[in-house]
Amino acid sequence: MVALRNIVVLTGAGISAESGIDTFRSAGGLWERHRVEDVATPEGFARDPELVQRFYDARRAAVQEVAPNAAHEALARLDAEWGGELLIVTQNVDDLHERAGASRVLHMHGELLSALCPVCERRHRWTGPLVDRPACPTCEAHSLRPDVVWFGEMPYQMDRIYAALRQANLFVSIGTSGAVYPAAGFVRDARDLGARTLELNLDRSEGSHWFHESRQGRAGDLVPHWVSEILGS
Ligand code: APR
């Protein structure tokens with residue numbers, strides 16, 4: 001057994017479900033109430049920017065009303081107490097990993113609390129609405145958009161993610177349906193590169209069969225238990 005020195009954790013909407021944040025594809029999820037092509041594509045934004053801004057304004061306000069749950073806190077404990085390298089790659093656009101205290105978090109789909117100016121390409125921490133077309137603090141253009149990766153756009157920091165997967169001894173996927181690439185392919189990349197792979201998810205996902213081990217249950221129960229296994233306490 002190779003010594004465990006390097007863990008990459010991938011998280012999806014399921015890790016934030018117990019904090020009260022809607023997932024996308026569970027019953028009643030966001031994609032049952034909104035058409036992806038209307039609110040999560042550049043074409044949708046060009047067609048009806050106000051609809052898209054209101055969709056993200058509501059999610060940006062909601063995320064500031066909720067708190068990290070036991071799963072986020074357990075990953076932060078691992079980050080603080082384990083002697084190895086831990087990288088959290090999240091598909092989520094909430095800031096619950098950071099608010100729980102995790103130190104190395106990569107948001108491959110962007111962040112709700114960040115606004116992107118397509119004119120000067122600066123990013124600004126943003127907690128309020130964007131629907132009123134506020135001016136970019138840097139260049140004053142009135143074109144700020146959610147700093148979120150839409151379908152058809154390139155996910156962020158892929159080079160750093162693949163570099164981390166090349167070093168990983170263990171890849172753990174938490175709370176994701178395995179429906180969206182490239183994240184859904186990370187388990188195969190990690191396996192091909194020699195890592196052990198573990199899935200912690202409420203239900204079996206589209207990718208469960210790729211994992212060496214897949215545990216079903218709530219993240220709030222499974223993640224603290226798994227972290228205790230790693231820390232030996
Ligand atoms: N604990 C653990 N897993 C849970 C919980 C929970 N309490 N509740 C739900 N889940 C699981 C569901 O079983 C499902 O497999 O979380 C997963 C959520 O899947 P999705 O809703 O598809 O969310 P995600 O996998 O993060 O979606 C990926 O798709 O729409 C895009 O950009 C969006 O980042 C998102 C990407």
Side-chain angles (χ1 to χ4, degrees), residues 1-19 21 63 67-111 113-114 149 155-176 178 180 182-202 205 207-208 210-215 217-233:
M1 177 72 176
V2 172
L4 189 56
R5 291 182 318 282
N6 206 307
I7 301 176
V8 173
V9 171
L10 171 69
T11 63
I15 199 169
S16 297
E18 290 159 75
S19 294
I21 293 186
V63 83
N69 62 56
H72 298 106
E73 284 157 7
L75 290 182
R77 178 185 171 222
L78 183 67
D79 188 35
E81 297 179 18
W82 185 54
E85 283 285 304
L86 171 68
L87 176 66
I88 298 170
V89 177
T90 188
Q91 300 172 89
N92 300 338
V93 291
D94 63 55
D95 63 339
L96 295 181
H97 283 303
E98 291 87 347
R99 281 167 52 199
S103 59
R104 289 181 70 219
V105 182
L106 289 190
H107 286 268
M108 63 182 290
H109 290 167
E111 298 177 74
L113 297 177
S114 171
V149 177
Y156 293 160
Q157 308 200 53
M158 291 307 295
D159 50 342
R160 282 189 62 194
I161 294 170
Y162 284 118
L165 289 174
R166 280 194 290 277
Q167 303 300 318
N169 315 110
L170 176 59
F171 173 77
V172 184
S173 176
I174 303 172
T176 182
V180 174
F186 291 167
V187 56
R188 269 171 279 170
D189 301 323
R191 274 189 81 121
D192 292 350
L193 291 159
R196 290 284 301 165
T197 55
L198 168 66
E199 178 183 52
L200 307 177
N201 203 57
L202 188 64
S205 72
S208 291
W210 292 106
F211 288 86
H212 292 102
E213 183 185 359
S214 178
R215 299 177 191 172
R218 291 155 51 98
D221 302 327
L222 293 181
V223 180
H225 181 78
W226 169 68
V227 166
S228 296
E229 287 174 1
I230 296 291
L231 295 177
S233 67

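Hydrogens, waters and symmetry mates are skipped; everything else that's a heavy atom, side chains included, is used.
Between the CG atom in Leu198 and the CD1 atom in Ile230 there is a gap of 8.5 Å [rounded to 0.5 Å]. In this structure, the separation between CG on Leu96 and CG on Leu75 is 11.5 Å, given to the nearest 0.5 Å. Put simply, OH on Tyr162 and CD on Gln167 are 15.5 Å apart, with the number rounded to the nearest 0.5 Å. Atom CG of Asp94 is separated from atom CD of Glu111 by 9.5 Å, given to the nearest 0.5 angstrom. Summarising the geometry, atom CD1 belonging to Ile161 is positioned 7.5 Å from atom CG belonging to Leu87; distances are rounded to the nearest 0.5 Å. To the nearest 0.5 angstrom, Thr11 atom OG1 is 7.5 Å from Gln91 atom CD.
With hydrogens and angles disregarded, a donor-acceptor distance shorter than 3.5 Å links the side chain of Ser208 to the backbone of Ser205. For the pair Asn169 (side chain) and Leu4 (backbone), a donor-acceptor distance under 3.5 Å is absent. Distance alone, capped at 3.5 Å, is enough to place a donor-acceptor pair between the Ser19 side chain and the Ala67 backbone. Side chain of Asn6 to backbone of Ala164: no donor-acceptor contact under 3.5 angstrom is found. For His107 (side chain) and Asn92 (main-chain N/O), a donor-acceptor pair under 3.5 Å exists by modelled atom type. Side-chain atoms of Glu199 do not come within 3.5 Å of backbone N or O of Phe211 as any donor-acceptor pair.
Checking Ile174, Leu106, Val105 one by one against Thr90, the side-chain contact (heavy atoms from CB on, under 4.5 Å) holds for a single residue, Val105. Checked against Leu200 for a side-chain contact (heavy atoms from CB on, under 4.5 Å), the options His225, Arg218, Arg215 give a single hit: Arg215.
Salt-bridge check for Arg196 with Glu213: failed, with every basic side-chain N at 4.0 Å or more from each acidic carboxylate O.
Using modelled atom types and a 3.5 Å distance limit, the side chains of His212 and Thr197 yield a donor-acceptor pair.
Across all non-hydrogen atoms, the minimal contact from Ala168 to Ala195 is O-CB, 3.4 Å. When all heavy atoms of Glu18 and Gly220 are compared, the pair lying nearest together is OE2-N, 3.1 Å. Residues Ala190 and Leu165 come closest through the heavy atom pair CB-CD2, 4.4 Å. For the pair Ser233 and Arg77, the tightest heavy-atom approach, listed with the atom from each and the gap, is OG-NH2, 3.0 Å. Smallest separation of non-hydrogen atoms from Ala219 and Gly14: CB-O, 4.3 Å. Nearest heavy atoms, Ala74 versus Pro224: CB-CA, 3.6 Å.
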Next on the checklist: Show, in sequence, the C-alpha distance, side-chain angles and deciding distance for Phe186 and Thr176, and conclude whether the side chain to side chain contact (heavy atoms under 4.5 Å, CB included) test is met.
Outcome noted: CA-CA 12 Å; Phe186 291 167; Thr176 182; over 6 Å; no
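Proximity of Leu78 to Trp226: side-chain heavy atoms (C-beta onward) are separated by under 4.5 Å at one or more points. Using a 4.5 Å heavy-atom threshold, the side chains of Phe171 and Leu10 count as touching.
Aromatic ring orientation, His97 versus His72: perpendicular (interplanar angle above 60°, classes split at 30° and 60°).
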